[in-house]
Number of protein chains: 2
Amino acid sequence: MSGFNVGTRLKQLRQSRDLSQRELAKRAGVTNSTISLIEQNSVSPSVSSLKKILDALPVSISEFFAGEELANEQVFYRAEELTEIGDGNLSWRLVGARRPNRSMSLLYEHYPPGADTGEDMLEHAGEEGGVIVAGAIEISVNGDTQVLHQGDAYYFDSRLPHRFRNTGDKECVIVSANTPPSFAEGGATQHH
Amino acid sequence: MSGFNVGTRLKQLRQSRDLSQRELAKRAGVTNSTISLIEQNSVSPSVSSLKKILDALPVSISEFFAGEELANEQVFYRAEELTEIGDGNLSWRLVGARRPNRSMSLLYEHYPPGADTGEDMLEHAGEEGGVIVAGAIEISVNGDTQVLHQGDAYYFDSRLPHRFRNTGDKECVIVSANTPPSFAEGGATQHH
DNA sequence: CATCCTTGTTGAACATCCTTGACAGTATAA
DNA sequence: TTATACTGTCAAGGATGTTCAACAAGGATG
């Protein structure tokens, strides 16, 4: 339920700056334990704590929840190189996760029968669209629910509440894109 | 030191949607007291609590910490509704062609054996990426040539010279996205 | 080997957030 | 007036986040 993977994102940012938990804690005015627990997603930090820590990096809060860091100019991504950001049940694989300043997120998604992104709607500003490559999926956007099949597609403003559910008995495969990018490497956000 | 007025911002968003504290609390799965205290800046909410509340508005976290607004258009596109912009040999079908102010172009592409986009330099600024859904394709970007197979992906800056060729004997299917959008309704700019 | 420094993790105590359950104020209607 | 329904606020206590202090693992040094 935590939603955004705060811990993984923070860990990435800290490590990319070559800081130890203790060093970052010192700069932020919190204890190393706090950072350890947050990075393990053992707690959901208060906004004030998180802000103290991000200020020490430094990274703005909105940047933390939206933007992406790191450097890379890789062009080709082998299937096994895609970054898995699913939750163990459904699978979302991100293309070019480490790419700096990506202007969009491209995802290769696999929904087993029964997979459900959950009702908690609305995660990111921007737009998203996708093409159903195999199987079928029930998509709800802003109260409108439809079942899309292979070859069908969707495109909507990501701020509208939305939900994806595989109500069939076969795996559903989708290739989707969203902009601005809303996924950080390594972190599963609940959502869609 | 907080630097950011979480309470006031939340209050604005809630009131702009004409919700009472109790109504919002109910939707978010928290109590009205929580919202009251946050709006008065009497507490600094945990990220998880804040997220629950923002999900109910709905507003994304990054949006909350930055600021923006909303829109709405057609969401679902049946396979036969996609706009064909290919040349009769290879097929490119555009999702949401009529959508005004799209921030990206999403394409469902079919390359028959032998299909070739031709070398095409520096056509448009932006980025493009895709996932190979079926078959295989030879892609050249900035002098680097590779053959990608089902499940592989690519992502590059569109200003780099690039070329797509199906050198195999089976149809290749790709779902791709590019941003900013390089296809307008009614007319294909060349691209790829 | 021991010693020292650093790393990240964890249990118990403490601080803060969050909920429960009230309260007062306003508005509408009988 | 009384009743009902809504609004936002607040005190007390339970739930959760944070600190303190200890711990183990890994490297470097002697």
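Hydrogens, waters and symmetry mates are skipped; everything else that's a heavy atom, side chains included, is used. Proteins come first, then strands; the chains are lettered A, B, ... in the order of their sequence lines, and each starts at number 1.
- At dT16(C), none of the side-chain N or O atoms of Ser46(A) fall inside 4.0 Å of OP1 or OP2 (strictly under the cut-off).
- Side-chain contact between Ile35(A) and Val30(A) is present, with heavy atoms from C-beta onward closer than 4.5 Å.
- Whole-Å rounding puts the Ile38(B) CD1 to dT16(D) P distance at 15 Å.
- Picking from dC18(C), dG17(D), dT7(C) the nucleotide with the shortest atom distance to the side chain of Ser44(A) gives dG17(D).
- For the residue pair Ser49(B) and Ser46(B), a side-chain donor N or O sits within less than 3.5 Å of a side-chain acceptor on the partner.
- Thr31(A) has no side-chain polar atom (N or O) that falls below the 4.0 Å cut-off from OP1 or OP2 of dT18(D).
- Using a 4.0 Å heavy-atom criterion, one finds that Val43(B) contacts the sugar-phosphate atoms exclusively.
- When the P atom of dT20(C) is taken as reference, atom NZ of Lys26(B) falls 15 Å away, rounded to whole Å.
- One finds no side-chain N or O of Ser36(B) lying less than 4.0 angstrom from the OP1 or OP2 phosphate oxygen of dG8(D).
- A donor-acceptor pair is defined here as one N or O able to donate and one able to accept, closer than 3.5 Å; such a pair exists between the side chain of Arg14(A) and the backbone of Leu19(A).
- Look at CG on Leu50(B): it is 16 Å from C1' on dT16(D), rounded to the nearest Å.
- Within the structure, a side-chain polar atom (N or O) of Gln40(A) is placed less than 4.0 Å from OP1 or OP2 of dT10(C).
- Between the C1' atom of dC18(C) and the NZ atom of Lys52(B) lies a distance of 9 Å, rounded to the nearest Å.
- Look at CG on Asn41(B): it is 15 Å from C1' on dT9(D), rounded to the nearest Å.
- Checking dG8(C), dT7(D), dT18(D) against the side-chain heavy atoms of Arg22(B) singles out dT7(D) as nearest.
- Considering only side-chain N and O atoms, Gln21(A) lies under 4.0 angstrom from the phosphate OP1 or OP2 of dT9(C).
- Looking at heavy-atom distances under 4.0 Å, Ile35(B) makes no contact with the nucleic acid at all.
- For dG30(D), the paired base is dC1(C) (Watson-Crick or G-U wobble, both distances below 3.5 Å).
- Rounded to whole angstrom, the span from the CZ atom of Arg14(B) across to the C1' atom of dG8(D) amounts to 9 Å.
- Within the model, atoms CD of Gln150(B) and CD1 of Ile174(B) stand 12.0 Å from one another, a figure rounded to the nearest 0.5 Å.
- Between the side chain of Ser33(A) and the base of dC20(D), at least one donor-acceptor pair of N or O atoms lies under 3.5 Å.
- At a cut-off of 3.5 angstrom, counting only N and O atoms as typed in the model, there is no donor on one side facing an acceptor on the other between the side-chain of Asn32(B) and the base of dT7(D).
- Remark: the Gln146(B) side chain and the Glu138(B) side chain contain no N/O donor-acceptor pair separated by less than 3.5 Å.
- Atom pair Lys11(A):NZ and dG8(C):P shows a separation of 8 Å (rounding to whole Å applied).
- Counting to the nearest Å, the C1' atom of dT9(C) and the CD atom of Glu39(A) are 12 Å from each other.
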